[in-house]
Structures are given as C-alpha cells and as structure tokens.
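What follows is a set of notes on a single structure, which appears directly below.
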Amino acid sequence: MKLTDIARLRLHHQQISQQSFTKPQDVVRWLVAVQAQDYLNSLWAVGLRLKNARDQDIEQALVDKTIVRTWPLRGTIHYTSPEDVRWMLKYLAPRVITRYGTVHRQVGLDAKTLTKGMKVFAKALEGSAPLTRPELYDALGRAKINTGEQRGLHILVYSALKGLICVAPRRGKQPTFALLDEWLPATKMPDREEALASLARRYFSSHGPATVQDFAWWSGLTGTDARKYLDAVKKEFEEATVEGQTYWFKPVEGKLKSATGAVFLLPPYDEYTVAYKDRSVVLEDAQAASTGNGIFRPVVISGQRVVGTWKRTRSKNLFTVETDITPPFPKAKQETLKKALKHYGRFVSIDVELS
DNA sequence: TGTGGTGCACCCGCTGCAAC
DNA sequence: GTTGCAGCGGGTGCACCACA
C-alpha cells in the first residue's frame with residue numbers, strides 16, 4: 001500500500017468518490033460527526049456526499065431534527081445524529097470543558113457565573129421557541145451577566161458542551177438555540193466502554209485508513225484511550241504500515257473506483273482534510289489548505305490530493321468561483337473542474353461561473 | 001444594487017511544563 | 001521517556017451597516 005492508496009480509500013469511505021446515501025442523516029450517521037463551523041459551506045460538506053442533494057435538503061434535515069448541530073467533538077461545532085449527541089457530549093466533552101478553563105479565566109468567567117448563565121438559558125428557553133444569540137445575550141444581560149469580550153459566546157458553548165442546549169434552525173440569517181432535551185427525543189445512553197468502542201469502529205470504517213493518532217486527535221480522546229478502544233475493535237479491520245505509520249481500514253469489496261481523473265471541490269473544514277492528525281497524506285503543501293492556526297480553506301482535490309484552493313463570491317443570482325491551483329490545470333482538466341462546479345451549482349441552485 | 005469597512009465568531013497548532 | 005495539560009497567538013468568512 002502507498003500513500004495514494006490511502007487517499008483513494010479515504011475518498012471512497014468518506015463518500016466523496018462514490019455516494020452510497022441519499023439522505024443527509026445517513027451521511028452524518030456514517031461519518032459520526034461532520035464539522036460545521038462555517039454554516040453555509042458546511043451544508044456542502046454533507047451535500048457533496050449525497051446523490052443529487054440541494055442545500056435546502058440539508059437545512060430541512062435540521063428542521064426535521066434528523067440531524068443536529070452542536071459541539072460534540074473537540075469543542076468544535078459539528079452536525080451529528082440525534083441518537084449520538086448525548087453520549088458524545090457525556091464522554092467526550094469533559095476534556096474540552098477542562099481545556100476551556102484557561103479561556104474562561106482569561107475572560108473572567110468563574111464556575112458560579114457559568115452555572116448562573118446556564119440557569120438563565122434554561123429559564124429563557126423552557127417551553128419557548130428557539131431563541132437567537134442576541135435574544136439569549138439579552139437574557140444574560142437582564143440577569144446582570146456581562147456578555148462582552150465573547151463571554152456570552154463562552155457561556156453558550158459551555159451550555160452546549162454540558163448538554164443543556166443545541167443549535168436549532170436559523171431564523172433569517174441568525175442561528176437559534178433550543179434546550180437539547182426539548183428539541184430532541186430521549187435516547188438510550190450506552191455505557192462508556194460500549195460507546196467509545198463503537199466510536200472507534202465507526203471512525204475507522206468511515207475515515208480509514210487512519211492511525212491511532214488520527215483517531216485520538218479527531219475524537220479528542222487521550223492517546224491511551226484511543227489505543228484502548230482501537231484495540232477493542234481492531235480485529236474487524238485490516239492493518240497496513242506505510243512510511244513507518246500503521247493504518248487501520250476496512251477493505252473495499254470489489255474493484256475500488258479510480259478517482260485519479262476526478263476533481264472535487266471541498267468546503268473549508270471538510271472531514272477529508274481536517275479529520276486526521278497527520279494531513280500529509282492529502283496535503284502535499286499544508287499551507288495551501290491551512291493557515292496553520294486552525295483555519296482551513298476550501299480546497300480542490302485532484303488525483304486524490306489537494307492541488308489548490310477555491311473561493312466563491314456571490315452576486316445576486318450568480319456564484320463566481322476563483323481558484324488557485326498550482327500548477328494550473330491543462331485544458332482537458334479544466335473541463336473536469338467545470339463539471340465539479342456544475343455539481344456545486346446544482347446544489348446551491350444558483351449559476352456558478354469560473355472567474 | 002453593489003461596494004467597502006468593521007466587528008464578530010470560529011478553534012487549531014505550537015510550546016513548555018508537570019505527572020507518571 | 002511518554003503522556004497530558006495549560007497557555008497563547010492568530011487568519012478567514014460572514015453579517016451588518018453606511019454610502020454611492
């Protein structure tokens with residue numbers, strides 16, 4: 001096995017070079033969590049993995065509560081499945097909350113204020129329609145809690161990590177928030193061992209080939225726990241050592257579709273680029289896709305690897321897409337790029353042109 | 001209707017230190 | 001020596017607003 005084989009298998013398992021699903025909830029359940037910090041682009045992260053989806057299909061899934069947006073992994077906002085959200089928060093969020101302790105101290109948020117903030121949110125949202133961020137900040141203000149210097153945001157995220165609230169569909173362009181237990185029906189809570197072994201199984205199935213370090217990074221588990229839960233399920237996977245790293249993966253039944261000639265436009269923070277500790281498998285030049293401080297740009301994939309970035313600019317009825325590909329595509333490849341743009345245009349239901 | 005400026009929200013990677 | 005934790009710095013996209 002070579003690095004290109006790893007990338008090709010990841011494109012397959014991540015539902016990019018082939019799509020097995022027709023519903024947003026099936027994609028999200030398969031990947032366990034899909035990073036969703038940039039809302040409009042995150043719709044495409046789900047949509048590109050579906051057959052013939054449009055952006056309103058993903059938004060409708062949020063309205064229908066078949067997927068939910070909250071902070072289940074690494075303190076990062078993701079889409080996840082209603083049946084997964086509570087156990088992920090229970091078993092994965094405590095480490096994130098510990099890590100946020102430093103930031104809370106910096107902005108002057110102590111445990112008493114955070115608890116009071118949660119009570120304010122609970123009272124404001126109980127039996128109410130979802131509220132926007134400004135509305136929740138007003139509630140904090142009325143309770144004499146200062147929301148400046150991002151304190152309001154930190155109370156909001158803390159409340160989500162504690163499982164009190166989750167993100168509900170947008171009102172206009174504003175995201176709204178609801179009480180998790182009012183928004184989603186009660187679900188079975190697996191015990192820790194069962195839940196985290198299942199997490200390992202699902203990560204290596206949907207994201208493999210991946211290393212135990214990748215799993216630890218993605219899940220936020222400690223290295224010790226990541227090894228423990230991989231050990232619990234690794235007999236279900238194949239193992240390959242490439243350039244000194246051990247990768248675990250599900251083999252593909254039948255012939256693996258070649259993605260060498262295909263071009264894919266991935267959104268910023270896509271699982272294909274973000275969900276691994278070691279991104280060198282797909283990022284020849286890491287700077288092309290990442291600024292190095294947590295910001296991931298939208299990328300162009302060709303021959304399984306990141307070959308450049310793309311950027312969209314919206315005017316009234318048109319998206320103009322600008323690409324930065326090195327070296328520039330030859331004419332034939334430009335046509336493949338235009339095909340990828342057409343796919344994206346269908347998804348957003350707006351004409352897309354290459355600048 | 002388009003353009004430009006401003007502020008907000010986002011969270012990752014790196015380094016150093018402590019604990020085991 | 002390995003692992004985990006704490007602290008810190010910072011680039012990008014979006015919403016919003018003012019103005020042409």
Side-chain angles (χ1 to χ4, degrees), chain A residues 33-45 55 69-79 92-109 132-137 140 146-161 167 170-177 211-228 230 265-271 273-280 283 286-299 309-322 324 348:
Chain A
V34 176
Q35 199 159 324
Q37 73 192 75
D38 178 344
Y39 179 72
L40 294 173
N41 278 310
S42 69
L43 299 175
W44 175 233
D55 54 5
R69 192 167 174 240
T70 189
W71 287 261
L73 287 177
R74 308 191 300 278
T76 304
I77 194 163
H78 283 77
Y79 297 122
L92 302 176
R95 290 193 78 224
V96 178
I97 291 171
T98 302
R99 187 174 171 166
Y100 267 124
T102 309
V103 182
H104 291 161
R105 280 191 292 278
Q106 280 171 356
V107 299
L109 281 175
T132 64
R133 194 184 302 246
E135 288 165 348
L136 287 172
Y137 286 8
L140 291 175
N146 182 351
T147 59
E149 294 179 54
Q150 301 202 347
R151 275 187 285 270
L153 171 68
H154 286 299
I155 296 170
L156 202 70
V157 174
Y158 180 81
S159 302
L161 289 167
V167 187
R170 296 200 304 175
R171 194 196 306 156
K173 288 180 176 175
Q174 286 279 342
T176 65
F177 298 84
T211 67
V212 70
Q213 291 87 359
D214 292 330
F215 176 50
W217 183 87
W218 174 85
S219 64
L221 290 172
T222 64
T224 308
D225 274 347
R227 277 188 294 279
K228 174 182 170 184
L230 169 60
L265 298 174
L266 303 190
Y269 308 100
D270 191 84
E271 289 290 299
T273 48
V274 172
Y276 307 90
K277 170 84 175 164
D278 178 4
R279 286 144 187 164
S280 61
L283 299 173
Q287 281 306 108
S290 166
T291 61
N293 60 351
I295 306 295
F296 282 80
R297 299 187 180 99
V299 296
T309 58
W310 63 289
K311 187 181 172 182
R312 66 178 198 184
T313 308
R314 171 139 197 199
S315 57
K316 197 182 170 194
N317 293 313
L318 184 72
F319 269 132
T320 304
V321 169
E322 194 181 325
D324 180 10
V348 292

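Quick note on labels: first sequence line is chain A, next is B, and so on, each numbered from 1.
Taking the six-membered ring where the residue is Trp, Phe177(A) and Trp71(A) present parallel rings, their angle staying beneath 30° rather than reaching 60°.
For the pair Tyr269(A) OH and dC14(C) P, the computed distance is 10 Å after rounding to whole Å. Spacing between atom CD1 of Ile155(A) and atom P of dC8(B) amounts to 16 Å, rounded to whole angstrom units. Between the CZ atom of Arg170(A) and the P atom of dC14(C) there is a distance of 11 Å, given to the nearest Å. Taking atom CD1 on Ile77(A) and atom P on dC14(C), their separation rounds to 15 Å, with Å as the unit. Rounded to an integer number of Å, the gap from Leu92(A) CG to dC11(B) C1' is 17 Å. Atom CZ of Arg74(A) and atom C1' of dC12(B) are 9 Å apart (whole Å). Put simply, CD on Gln213(A) is 11 Å from P on dG4(C), counting in whole angstrom units. If you take OH of Tyr39(A) and P of dA15(C), they are 11 Å apart, rounded to a whole angstrom.
Gln35(A) has no side-chain polar atom (N or O) that falls below the 4.0 Å cut-off from OP1 or OP2 of dC11(B). OP1 and OP2 of dT12(C) both lie 4.0 Å or more from every side-chain N or O belonging to Asn41(A).
Judged by distance alone, the side chain of Arg74(A) and the main-chain N or O of Val96(A) form no donor-acceptor pair under 3.5 Å.
Side chain of Trp71(A), nearest nucleotide from dG4(C), dC11(B), dC5(C): dC11(B). Of the candidate nucleotides dG4(C), dA9(B), dC12(B), dA9(B) has the atom nearest to the side chain of Tyr137(A). Nearest to the side chain of Thr222(A), among dG13(C), dC5(C), dC11(B), sits dC5(C). The Arg133(A) side chain lies nearest to dA9(B) when the options are dA9(B), dC11(B), dC14(C). With distances taken from any side-chain atom of Trp217(A) to the nucleotides dC12(B), dG4(C), dC5(C), the minimum falls on dC12(B). Among the nucleotides dC5(C), dG13(C), dC11(B), the one closest to any side-chain atom of Thr76(A) is dC11(B).
Residue-to-nucleotide proximity on DNA chain C shows that, of Asp225(A) and Pro268(A), the 5′-proximal contact is made by Asp225(A).
For the atom pair CG (Asn41(A)) and CG (Leu266(A)), the distance works out to 11.0 Å, reported to the nearest 0.5 Å. With rounding to the nearest 0.5 Å, the separation of CH2 in Trp217(A) from CD in Gln213(A) is 13.5 Å.
For Tyr79(A) and Ser42(A), the side-chain atoms include at least one donor-acceptor pair closer than 3.5 Å.
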